[in-house]
Amino acid sequence: QDRFSICWSIYVGWMPWEYGDATGIIDKWADKYDIEIDVVQINDYIESINQYTAGQFDACSMTSMDALTIPAAGGVDSTALIVGDFSNGNDAVILKEAATLADIEGQRVNLVELSVSHYLLARALESVGLSERDVTVVNTSDADMVAAYSTRDVTAVTTWNPLVNEILKVPGATKVFDSAQIPGEIIDTLMVKTEVLEANPNLGKALVGAWYEIMSAMESQPEVRAHMGEASGTDQAGYEAQLATTQMFYSASDALAFVKSPKLMTTMEYVANFSFDHGLLGEGAADAGFIGIQTPAGVFGNSGNIQLRFDPSYMEMAADGSL
Amino acid sequence: MSAFIQLDRLAKNYGDNVVLENLNCKVAEGEFVTLVGASGCGKSTFLKLLLGTESVSSGQLLMAGKPIEQEPSPDRGIVFQRYSVFPHLNVRENVALGVEFVESKWLGRLFGKRRKEALAQADELLSAVGLEQARYKYPHELSGGMQQRLALAQALIKRPKVLLLDEPFGALDPGIRKEMHDLVLGLWRQYGLTIFMVTHDLKEGFHLGTRLWVFDKIRHDPHAPDRFGSTITYDLSLQSKDKALTIAAIDEINAQLHGAEKTTEPTQS
Amino acid sequence: MSAFIQLDRLAKNYGDNVVLENLNCKVAEGEFVTLVGASGCGKSTFLKLLLGTESVSSGQLLMAGKPIEQEPSPDRGIVFQRYSVFPHLNVRENVALGVEFVESKWLGRLFGKRRKEALAQADELLSAVGLEQARYKYPHELSGGMQQRLALAQALIKRPKVLLLDEPFGALDPGIRKEMHDLVLGLWRQYGLTIFMVTHDLKEGFHLGTRLWVFDKIRHDPHAPDRFGSTITYDLSLQSKDKALTIAAIDEINAQLHGAEKTTEPTQS
Amino acid sequence: MRRLINLQPNRVLKVALGIIPFLLILLAYQIGSDIRKAENEQDKLLPSFSEIAAGINRMAFEPSRRTGDYEFWEDTKSSVKRLSIGIAISATIGLLVGLAAGAIPMIAAPLSPLITAISLIPPMAILPVLFIVFGLGELSKVMLIVIGVSPFLIRDILQRTQELPREQLVKAQTLGGNSWQIILRVILPQIVPRLLDAVRLSLGAAWLFLIAAEAIAATDGLGYRIFLVRRYMSMDIILPYVVWITFLAFTLDWCLLKFSRVVFPWYHAEK
Amino acid sequence: MRRLINLQPNRVLKVALGIIPFLLILLAYQIGSDIRKAENEQDKLLPSFSEIAAGINRMAFEPSRRTGDYEFWEDTKSSVKRLSIGIAISATIGLLVGLAAGAIPMIAAPLSPLITAISLIPPMAILPVLFIVFGLGELSKVMLIVIGVSPFLIRDILQRTQELPREQLVKAQTLGGNSWQIILRVILPQIVPRLLDAVRLSLGAAWLFLIAAEAIAATDGLGYRIFLVRRYMSMDIILPYVVWITFLAFTLDWCLLKFSRVVFPWYHAEK
Ligand SMILES: Nc1ncnc2c1ncn2[C@@H]1O[C@H](COP(=O)(O)OP(=O)(O)OP(=O)(O)O)[C@@H](O)[C@H]1O
Ligand SMILES: Nc1ncnc2c1ncn2[C@@H]1O[C@H](COP(=O)(O)OP(=O)(O)OP(=O)(O)O)[C@@H](O)[C@H]1O
Ligand SMILES: [Mg+2]
Ligand SMILES: [Mg+2]
């Protein structure tokens with residue numbers, strides 16, 4: 001196999017894929033390793049993961065939580081090839097009239113159910129001694145979140161950027177909790193099918209190589225960020241505002257440090273517990289550890305059923321400059 | 001002859017299409033006028049003028065000395081070839097509707113005792129047209145002939161002075177027509193009606209009418225067939241009904257209409 | 001009499017509804033049979049048996065000694081009251097279609113010289129029915145009478161032995177019928193056809209036919225009107241056409257059909 | 001040999017032939033599922049029939065762990081309620097506006113072009129505006145149906161009203177009816193069965209808009225569930241829900257037809 | 001006084017009355033926008049007309065800085081292309097299947113129940129399945145239109161074919177036509193104009209499915225753009241896009257009608 005396809009959807013941390021595709025950086029690296037890589041943009045984030053899980057793509061950008069609950073829970077063994085960033089304020093709980101998180105009690109909270117927003121809300125509630133039972137969750141599509149917030153019925157939302165920034169522009173909107181308060185828990189990655197990656201290390205090398213070339217351009221050149229902003233439907237200022245609340249790993253060594261730290265395993269344990277509580281690990285799951293998660297610091301859960309892996313080896317090659 | 005209906009240089013055109021022109025006639029109360037003529041010559045249009053759904057283009061159309069009302073009203077009843085009855089009402093309700101319209105301004109519907117009275121009134125007329133057996137049926141359960149009986153009863157409940165019939169038996173089996181003829185003649189006498197009836201069947205016209213009008217164009221412009229309209233080319237009194245005369249007249253009219261038909265035969269679709 | 005068409009204890013029923021029963025007759029080649037009878041008595045059904053679109057329930061229907069083919073075929077032409085011509089083809093193409101079907105098995109369409117020949121053949125028949133002037137028109141541009149002429153020309157291009165006409169002039173103005181009668185009689189003689197024609201107009205039947213069949217029920221079950229079917233109650237030879245006799249016969253048949261009508265008058269919808 | 005166009009299957013053959021394609025589809029599904037399961041036992045795209053049965057059982061016959069409800073029935077109840085209200089409102093609007101415009105030319109003149117334009121706007125594209133105007137509660141779901149369906153109903157009823165034989169209206173006038181009486185006693189009762197026909201035609205669109213609305217913001221409903229479990233590709237729930245929706249759509253259509261046949265026999269005899 | 005139901009507006013009045021509601025809507029919008037702007041100058045929900053004009057200008061008359069394309073026209077091109085292909089395929093399927101089933105009872109028997117069932121499935125509910133089966137390329141967008149529209153077209157054409165007067169088919173047989181010839185020369189040419197009618201009726205649904213498909217998987221197109229900027233609630237772009245879609249839908253419908261009138265005059269004369 002020397003032809004691969006990866007898919008991505010519009011999100012601040014994944015716009016580099018668009019840039020790499022548009023400027024030929026990805027093709028350049030693919031040529032270097034003598035393979036072909038199709039980069040496909042999918043509007044709908046969930047659809048992109050579903051397509052990946054159903055076998056249409058070899059790699060897909062997604063959060064670590066969705067990687068656990070969709071492909072991993074569906075038996076598609078996936079490896080986090082690149083950990084690109086974590087949300088550092090990009091996801092937030094916003095109240096319309098109240099000033100503190102505790103006021104959320106009894107309200108209807110609009111969010112994309114079972115997504116990282118849901119997770120963030122659960123973590124936020126925990127932090128003030130509440131639980132999900134104290135609020136009513138209303139599933140709301142992300143595309144309509146901003147419009148939804150403008151309606152009278154909606155008093156609380158939990159969502160991500162760029163929606164957070166749009167909503168905060170409305171007078172009276174108060175951010176009462178955000179992902180900066182749980183740093184490193186909402187992780188944006190590129191997932192590759194483990195099977196494919198093992199059979200084709202060149203794919204991993206090409207993708208990682210291309211990624212860090214884009215990263216260095218992105219870090220140093222404002223016009224690159226302007227390009228990405230425009231491609232995501234806003235402008236440079238809007239995009240920079242989103243970047244401000246995203247902890248990008250511009251260099252491979254930063255990413256490595258993050259992945260190798262034992263905290264990643266703790267984070268994934270939280271995520272697994274949340275997912276299990278909401279029935280996301282499948283009907284067969286007996287406990288939160290039903291699906292094994294391998295991290296450099298060790299394995300969480302059932303080591304006989306590892307479906308999600310964090311593999312630092314390719315990022316190490318990038319850090320070593322051996323690509 | 002006292003003129004109940006009077007046509008005075010009456011003309012009707014639709015834009016450039018002149019349909020009727022220069023109609024002059026007087027009709028006394030109680031006459032039975034039958035109208036024949038080629039298809040498309042304007043017979044139905046003339047009835048519409050009498051009915052008030054179309055307005056006169058020039059000249060005058062007077063009823064009892066006054067210009068005819070520009071809207072249908074209960075003093076001029078009508079029976080069309082089809083669609084004259086209401087499919088969603090049963091036979092009695094169809095006839096009683098005319099009473100309900102008058103007595104219930106807002107709902108157009110009567111209840112209780114007043115409803116019973118209206119229905120009783122309807123039953124009377126249904127006997128007159130021979131539909132007593134079918135009182136509870138809906139129009140779709142009736143034959144074509146019975147539907148036309150119903151349409152007649154419906155019109156008569158308003159005691160109109162004038163009754164307009166536009167090919168009322170055109171869609172019926174020839175076998176049934178004879179009965180309908182007897183019925184119409186009977187009602188005409190009983191209710192003292194003035195009837196205008198369009199028919200395609202010349203013999204029917206002779207048999208029923210006290211007077212027969214033939215509509216035809218007298219002027220033709222071969223390059224602009226719509227330029228000239230029809231007028232009344234024959235106005236025969238049929239009071240005497242001499243058999244031999246009738247046959248001669250039929251032959252003559254037939255020949256004439258026939259010739260005209262060839263050149264003006266209209267498009268059917 | 002040599003039997004070209006032979007009916008032998010022929011019966012037809014739809015489930016429990018007996019439409020026709022016990023028909024026995026022989027028809028020689030070249031006869032012109034007119035069929036009359038009350039509405040719903042099974043005249044059209046009988047034509048369908050001859051046509052082959054319905055099959056015989058019991059008994060036999062023979063043509064030239066063999067059971068009639070169970071499908072329409074070119075040896076039996078038909079003209080219905082309506083819908084007999086193809087609205088999407090012009091007059092010539094309507095007639096030429098019968099030739100194209102034979103000569104082009106796969107496309108049903110001819111090109112070039114062969115198409116010209118087919119159209120020339122069509123033109124010949126169009127002259128025979130008096131439609132030469134309308135060759136390039138579409139059916140919707142023709143009057144009802146002209147459409148029926150076209151339907152006749154279309155049927156005749158296959159040189160059928162039998163021509164079936166189901167109330168062909170039922171939807172036409174009475175004024176036009178006379179011409180059509182002459183036309184049909186002319187074509188009948190010219191092409192040596194055997195014609196079966198259903199009509200509602202008893203006089204038409206007498207005028208055109210060499211033989212007149214009256215369809216009627218002879219047995220009635222008031223509780224189950226469908227239990228018994230119609231049969232041929234009169235089979236009159238009209239070769240002599242004695243005027244007085246004719247009138248007497250018309251009156252008698254009329255009276256009889258009329259009586260029957262009252263009880264069997266069907267539902268119209 | 002008879003011509004192909006003349007061959008009519010008899011009753012038994014017809015039923016048998018009608019069932020065959022469904023059996024073939026089930027078979028194809030079974031094979032497809034087996035193939036995928038052979039590759040990845042955990043595959044969620046084409047669950048086996050036993051997994052689907054388990055999914056149905058879990059949703060319909062076991063109380064939810066989180067809420068204690070029987071979610072399948074709750075979803076059905078919510079959706080059917082929204083659909084019924086939406087259709088009832090649309091039908092009322094369609095009847096009133098369509099009838100008024102169809103019967104009174106002076107009303108048709110200003111309304112007709114507007115309604116044509118509105119009926120061409122894809123409602124999905126103006127969702128944000130709808131939210132702002134109607135909020136995000138039950139009302140907005142019902143309103144999406146109303147906005148999606150009623151322009152069609154109005155246009156249809158308008159046309160049907162204008163198609164009533166002119167002769168009837170003239171006749172009613174000669175019977176002394178005024179405009180209001182004629183609308184009430186001649187036009188309205190004849191339009192109601194036609195409204196039922198139009199509603200039946202628009203049911204498909206109504207379901208579509210209901211599902212779209214539930215996908216956007218809801219806490220229950222058939223569309224909500226489908227889009228929620230899409231998040232973890234639970235085809236074992238999506239597939240039975242789709243079949244159930246199809247069945248509900250069929251049943252609703254059938255009931256309306258039966259109802260119309262019983263209540264308006266004259267209408268069906270006429271056609 | 002004439003009765004209300006008899007009053008006909010003349011031509012001029014009719015046009016004037018037709019325009020009024022549109023002017024009222026514009027006015028209401030202007031007022032609404034002013035009110036919201038007074039409260040919050042940044043309000044994006046009801047942009048002023050000058051903001052909308054600027055939005056149009058940016059999208060339609062200035063090249064995108066990123067790609068150098070005029071995005072508005074590119075979006076239009078992509079969407080119209082998808083729509084045309086989708087409708088062309090649906091029409092072809094509708095014609096072939098509907099005609100075959102309508103003309104040949106032996107084909108109708110197995111197909112008819114299946115197509116009824118399929119036409120009842122709301123395509124939105126099986127979107128995930130569709131994307132997986134047809135992938136995410138251009139094909140999937142076209143296929144959503146095809147799946148959404150062709151069951152309706154098939155049913156309609158089937159019915160229209162069966163409605164052709166039986167007499168014509170019998171007549172064609174007496175002229176010696178076999179089944180194939182009759183389908184080709186008698187049925188097909190009479191069904192094509194009816195197909196155009198059916199396509200016109202289904203255009204609204206086709207647009208709906210196109211927009212839904214583009215919202216989920218596309219990188220350009222009118223639906224894509226609307227969903228992309230919806231995240232930022234850029235109503236200054238959404239509103240002109242909606243008006244433009246409405247206009248395109250109207251134009252397409254009008255062209256099909258004109259075409260049919262010119263090519264099939266006999267069909268329109270018949271009606
Ligand atoms: N509303 C109208 N607008 C324009 N022209 C009309 C209108 N109504 C009738 N006409 C024209 O007036 C002429 C006469 O029509 P009318 O219906 O009065 O004929 P008719 O004698 O009743 O024919 P038929 O015997 O076929 O019923 C026709 O040429 C027709 O085209
Ligand atoms: N396909 C059919 N299935 C069942 N019954 C039928 C069918 N076709 C005709 N009939 C019945 O057969 C009887 C005779 O019908 P047919 O059409 O032959 O009468 P008809 O004499 O031609 O009447 P009309 O003068 O009205 O044309 C009717 O009672 C009708 O209901
Ligand atoms: Mg007339
Ligand atoms: Mg018959």
Side-chain angles (χ1 to χ4, degrees), chain D residues 3-9 13-14 17-22 25 45 103-106 109-114 116-117 119-129 132 152 169 173 178-180 182-183 204-205 207-208 211-212 215 222-223 226 230 233 235 238 241-242 245-246 249-250 253, chain E residues 3-9 13-14 17-22 25 45 103-106 109-114 116-117 119-126 128-129 132 152 169 173 178-180 182-183 204-205 207-208 211-212 215 222-223 226 230 233 235 238-239 241-242 245-246 249-250 253:
Chain D
R3 288 186 184 83
L4 210 50
I5 54 171
N6 292 334
L7 287 182
Q8 295 277 357
L13 181 60
K14 202 166 161 183
L17 286 175
I19 292 173
I20 286 175
F22 292 95
I25 287 175
L45 184 66
I104 303 172
M106 283 295 181
L111 279 189
S112 214
L114 181 67
T116 305
S119 71
L120 288 168
I121 301 175
M124 302 296 185
I126 50 162
L127 276 180
V129 184
I132 309 298
F152 165 80
L169 304 189
Q173 296 183 45
N178 61 34
S179 294
W180 168 247
I182 291 174
I183 289 176
W207 275 104
L208 217 66
I211 289 173
L222 299 166
I226 287 178
R230 190 169 81 105
M233 272 226 320
M235 297 302 289
I238 294 181
Y241 265 69
V242 169
I245 289 175
T246 307
F250 178 82
D253 185 67
Chain E
R3 288 185 184 83
L4 210 51
I5 54 172
N6 291 335
L7 287 183
Q8 296 278 356
L13 182 60
K14 204 166 160 181
L17 286 174
I19 291 173
I20 287 176
F22 291 95
I25 287 176
L45 183 71
I104 304 172
M106 283 295 182
L111 279 189
S112 212
L114 180 67
T116 305
S119 71
L120 288 167
I121 301 176
M124 298 298 185
I126 50 164
V129 187
I132 285 159
F152 164 79
L169 304 190
Q173 295 183 45
N178 61 35
S179 294
W180 169 248
I182 291 173
I183 290 176
W207 275 104
L208 215 67
I211 290 174
L222 298 167
I226 287 177
R230 214 153 100 181
M233 259 220 336
M235 296 304 290
I238 294 181
L239 291 180
Y241 266 69
V242 169
I245 289 175
T246 307
F250 178 81
D253 184 69

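Throughout, protein chains are lettered first and strands after them, A, B, ... in sequence-line order, and every chain is numbered starting at 1. Side chains are part of it too, since the values below use all heavy atoms of this structure and drop only hydrogens, waters and symmetry mates.
Partners of E:Asn178 under the side-chain hydrogen bond (donor to acceptor under 3.5 Å, both in side chains) rule, at least two apart in sequence or in another chain, do not exist in this structure. For the side-chain contact (heavy atoms from CB on, under 4.5 Å) test, residues two or more places apart in sequence or in another chain that qualify with E:Phe22 are D:Pro113, D:Leu114, D:Ala117.
Atom CD1 of D:Ile104 and atom CZ of E:Arg3 lie 13.0 Å apart (nearest 0.5 Å). To the nearest 0.5 Å, atom CG of residue E:Leu120 and atom CG of residue D:Asp253 are 7.0 Å apart.
For E:Ile5, the parts lying near chain D are the backbone and the side chain together; criterion is any non-hydrogen pair under 4.5 Å. Looking at E:Ile20, neither its backbone nor its side chain comes within 4.5 Å of chain D, counting heavy atoms on both sides. Contact of E:Leu13 with chain D is made through the side chain alone, with heavy-atom distances under 4.5 Å. With a 4.5 Å cut-off on non-hydrogen atoms, E:Asn6 touches chain D through its side chain but not through its backbone. With a 4.5 angstrom heavy-atom cutoff, D:Ala125 touches chain E via backbone and side-chain atoms both. Residue E:Ile25 touches chain D through its side chain alone, counting heavy-atom pairs closer than 4.5 Å.
D:Pro122 has its side chain within reach of E:Ile245: a pair of non-hydrogen atoms, C-beta onward, lies under 4.5 Å apart. Under the 4.5 Å side-chain criterion, counting only non-hydrogen atoms from C-beta, D:Ile226 is not in contact with E:Met124.
Contact detail for D:Met106 and E:Gln8: the closest heavy-atom pair is CE-C, 4.1 Å. Of all heavy-atom pairs spanning D:Leu17 and E:Ala109, the tightest one is CD1-CB, 3.7 Å. Nearest heavy atom pair, residue D:Pro110 against residue E:Pro21, reads O-CG, 3.2 Å. Closest of all the heavy-atom pairs between E:Leu4 and D:Ser179 is N-OG, 2.9 Å.
Interface summary for chain E: among D:Ile121, D:Ile19, D:Ile211, the most heavy-atom pairs under 4.5 angstrom belong to D:Ile121. Highest contact tally toward chain D, considering only E:Met235, E:Gln173, E:Lys14, is held by E:Gln173 [criterion: heavy-atom pairs under 4.5 Å].
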